[in-house]
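Counting starts at 1 for both ligands and their atoms, following the listed order.
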Amino acid sequence: MTTIEVFPTAAAWAEACAARLGETLGAAVLEQGRAVFAGAGGSTPSPIYADLARIDLDWSRVVVTLVDERYVAETSPDSNAALMKRTLLTGPASAARFLPLYAPSVTVDRAAAEASKALKGEGGRLDAVLLGMGEDGHICSMFPESPTLKTLLTPDLKPAVYGVPPGRDGLAPPQERLSINLPYLAKARRVVLALTGAKKRAVFEREAAGDPRVQPIAALIAAKVPLEVLWTEAV
Ligand SMILES: O=C(O)[C@H](O)[C@@H](O)[C@H](O)[C@H](O)COP(=O)(O)O
């Protein structure tokens, strides 16, 4: 089921996203003694991570990972791991354990295999997920026209993480990436998609009505994920 909620201010929007994610992480810790959170990089999530970091839960039982990563070390300004450590893993939330997708492996595919194995060792499913969405409709690093998109959207494909080559002829992504795939995302207990601005609301509506074989948002909805879209025009 997909719900869309509109928030009049950026503060209310960020707080609501954080509250939903924190609620699910807290419930997972109570029920199973542990919780796994995966978040997006980019510019949207930072205020949400700042609010989430302050939520009172047993962060020592939470594993924090990413839905995608640029294939760069944490020292790079493009690193989502560095973003997550700077924004979410602070204060009480610094007690959480971070599970990176990037590893200085020989190839991005080797790093993806290592990350898949590490995620499998954390129970094989995510409890709470925060997604952003690009203006081309991508989520995670599932980019339109990417040669990896078909693999990332293939139902039931096992390893959770894949290498994504940089786009050719000016197509995104600008750099090599790592991304979780749709089947792994679709097993999540709760998925919050945080959107800001009128344009992204229109892109979401278009993508939601699209072809699940080639449009990730449509694929996520077709997978019957409990998807909550929280949107504000106030950013
Ligand atoms: O590594 C990344 O860039 C993100 O994980 C990516 O999937 C992001 O969610 C979208 O590109 C939206 O980015 P903005 O939030 O900056 O619009």
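Atoms of ligand 1 lying under 4.0 Å from at least one heavy atom of G132, given by number and element, are 9 (O). Atom numbering of ligand 1 starts at 1 in the shown order; those under 4.0 Å from a heavy atom of T44 are 14 (P), 15 (O), 17 (O). Near R177, meaning under 4.0 Å from one of its heavy atoms, ligand 1 places the atoms 1 (O), 2 (C), 3 (O).
Contact of the K199 side chain with the R201 side chain is not registered, since no non-hydrogen atoms from C-beta on lie closer than 4.5 Å. The closest side-chain heavy-atom distance from L83 to T87 is below 4.5 Å.
Taking the six-membered ring where tryptophan is involved, the planes of Y102 and Y71 are tilted, since the angle between them lies from 30° to 60°.
When the heavy-atom distances from atom 11 (O) of ligand 1 to Q175, H138, M142 are ranked, the shortest goes to H138.
In C140, the part holding a heavy atom less than 4.0 Å from any atom of ligand 1 is the backbone. Contact annotation for N80 and ligand 1: only side-chain heavy atoms (C-beta onward) come within less than 4.0 Å of the ligand. Using a 4.0 Å cut-off between heavy atoms, K200 contacts ligand 1 through its side chain alone, with no backbone atom that close.
The side-chain contact (heavy atoms from CB on, under 4.5 Å) with V225 is formed by just one residue from the set V191, L185, V129, L193; it is V191.
Residue R70 places a heavy atom under 4.0 Å from ligand 1. Not a single heavy atom of E69 sits under 4.0 Å from any atom of ligand 1.
For atom 5 (O) of ligand 1, the nearest non-hydrogen atom of the protein is D68 OD1, 2.4 Å.
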